[in-house]
Novice: 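Sending over a structure as C-alpha cells; questions will come in a sec.
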Amino acid sequence: MMEQDIQEILFSQAALERRVKELAGELRRDYAHKAPLVVGILRGSFVFMADLVRHLDFPLTLDFMAASSYHGAQSSGKVNIQLDLHDDIAGRDVLLVEDILDTGNTLSKLVAELRSRNPASLKLCVLLDKPDRRTQPIQADYVGFTIPDAFVVGYGLDYEQQYRNLPYIGVLKPSVYQG
Ligand code: XMP
Ligand code: MG
C-alpha cells in the first residue's frame, strides 16, 4: 500500500481543505472584478487547482501548461514548454497555480516567458514553498504552506508519477528513493 511508504503526514486532508479555503479568500479579495485566467502547471497542480477554483465565486477561465527546465550545461537556456496555453494572454490577468516552488528554476523561466507575452498582470500561487532550496530570485504571491527541505508527495505531488492520488501530503520514506 502507498501508506507504508509515508514516513509522516505533514498536512492532513482537513488541514489542506482549511488552508485552500483561506487562500481562496485572498484570491476573492484580489480578483473578484478581474475575470482572471487561472493557469495550472501540469501535472502536480491538478488536485490543488481543482479544490481552489471551487471556492472562487467570480468569473474566471482556466488553462494548463506543462514545462520542464533544461538541466546541466543547458540550465541557462529557455524553459521547455511541453504544453502551451490555448489562447493569447496579452491584456489578461493571469494567475499561475503550481504545486510547489523549490529551486525556482522551472517557474522563473516560465514566468519570464509568460511576461514576454504582455499580460495585464501575472501572479503566482503555490500550495507549498520550500525556500531552503531556492537558487532563483522568485517568490510566490500566494503560498499555502512553507515547508522544510523534505521530499513530499500526495495531493497532486508525485515520486516517479506515483502517490499523486493520496488525499494528504506526506514525507516519503527515504528508503523508497534510496532503493
Ligand atoms: P524547481 O526546482 O524548478 O522545481 O522549483 C519545482 C518542481 O520540482 C518538483 N518538486 C517536487 N515534487 N515533491 C514532489 O513531488 C517534492 O518535494 C518536490 N520538490 C520539487 C515539482 O514537480 C515542482 O513542480
Ligand atoms: Mg510540478
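Index from 1, following the sequence. Below, each value reflects all heavy atoms present in this structure, side chains not excepted, and no hydrogens, waters or symmetry copies. Just follow the structure's listing: the first ligand is 1, and inside any ligand the first atom is 1.
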Novice: Give me each pair satisfying side chain to side chain donor-acceptor pair (under 3.5 Å) with a member in residues 82-97, each pair once, sequence neighbours excluded.
Specialist: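 Found T61-R92, S68-Q82, D84-R117, D93-S121.
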Novice: Please determine whether any non-hydrogen atom of K130 lies less than 4.0 Å from an atom of ligand 1.
Specialist: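 True for this residue.
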Novice: Judged by atom type as modelled, is there a donor-acceptor pair below 3.5 Å linking the side chain of R43 to the main-chain atoms of R164?
Specialist: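 Between the backbone of R164 and the side chain of R43 there is no qualifying donor-acceptor contact (under 3.5 Å).
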Novice: Which ligand 1 atoms does D99 reach within 4.0 Å, using its non-hydrogen atoms?
Specialist: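 This gives 23 (C), 24 (O) as the contact atoms.
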Novice: Identify which of Y163, Y159, Y155, F151 has a heavy atom lying nearest to atom 18 (C) of ligand 1.
Specialist: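 The option holding the nearest heavy atom is F151.
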Novice: Judged by atom type as modelled, is there a donor-acceptor pair below 3.5 Å linking the side chain of R18 to the main-chain atoms of E22?
Specialist: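 Checked: no pair found.
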Novice: Look at atom 7 (C) of ligand 1 and find which of T135, L101, I100 reaches it with the closest heavy atom.
Specialist: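 Answer by nearest heavy atom: I100.
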Novice: Is it true that a side-chain atom of K130 and a backbone atom of A150 form a donor plus acceptor pair closer than 3.5 Å?
Specialist: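 The answer is yes, because a donor-acceptor pair under 3.5 Å joins these two groups.
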Novice: Return yes when A150 approaches ligand 1 closer than 4.0 angstrom through a heavy atom, no otherwise.
Specialist: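 Per 4.0 Å heavy-atom rule, A150 contacts ligand 1.
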Novice: Using a strict cut-off of 4.0 Å, indicate which atoms of ligand 1 neighbour a heavy atom of E98.
Specialist: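 Within the 4.0 Å cut-off of E98, ligand 1 contributes 24 (O).
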Novice: Write out all pairs satisfying salt bridge (Lys or Arg N to Asp or Glu O under 4.0 Å) with one or both partners inside residues 44-66, taking only residues at least two apart or from two chains.
Specialist: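 As it turns out, the salt bridge (Lys or Arg N to Asp or Glu O under 4.0 Å) pairs with a partner in residues 44-66, which skip direct neighbours, are D51-R54.
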Novice: Whether K173 and D5 form a salt bridge (side-chain N of Lys/Arg under 4.0 Å from carboxylate O of Asp/Glu) is what I want to check.
Specialist: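 Not counted as a salt bridge, because no side-chain N and carboxylate O are separated by less than 4.0 Å.
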Novice: Taking both backbone and side-chain atoms of G104, is any N or O found less than 3.5 Å from an N or O belonging to ligand 1?
Specialist: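 For ligand 1, there is an N or O atom that lies under 3.5 Å from one belonging to G104.
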Novice: For F11, run the ring pair (Phe, Tyr, Trp, His ring centres under 6.0 Å) check against Y155, F48, F145, Y168 and tell me which one passes.
Specialist: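 Only match with F11 under ring pair (Phe, Tyr, Trp, His ring centres under 6.0 Å): F145.
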Novice: For atom 13 (N) of ligand 1, tell me which residue out of L157, L172, I169, V152 has the closest non-hydrogen atom.
Specialist: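 Checking each option, the heavy atom nearest atom 13 (N) of ligand 1 is found in V152.
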Novice: Which ligand 1 atoms, with their elements, are less than 4.0 angstrom from a heavy-atom of T103?
Specialist: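 Once the distances to T103 are compared, the set is 1 (P), 2 (O), 3 (O), 5 (O).
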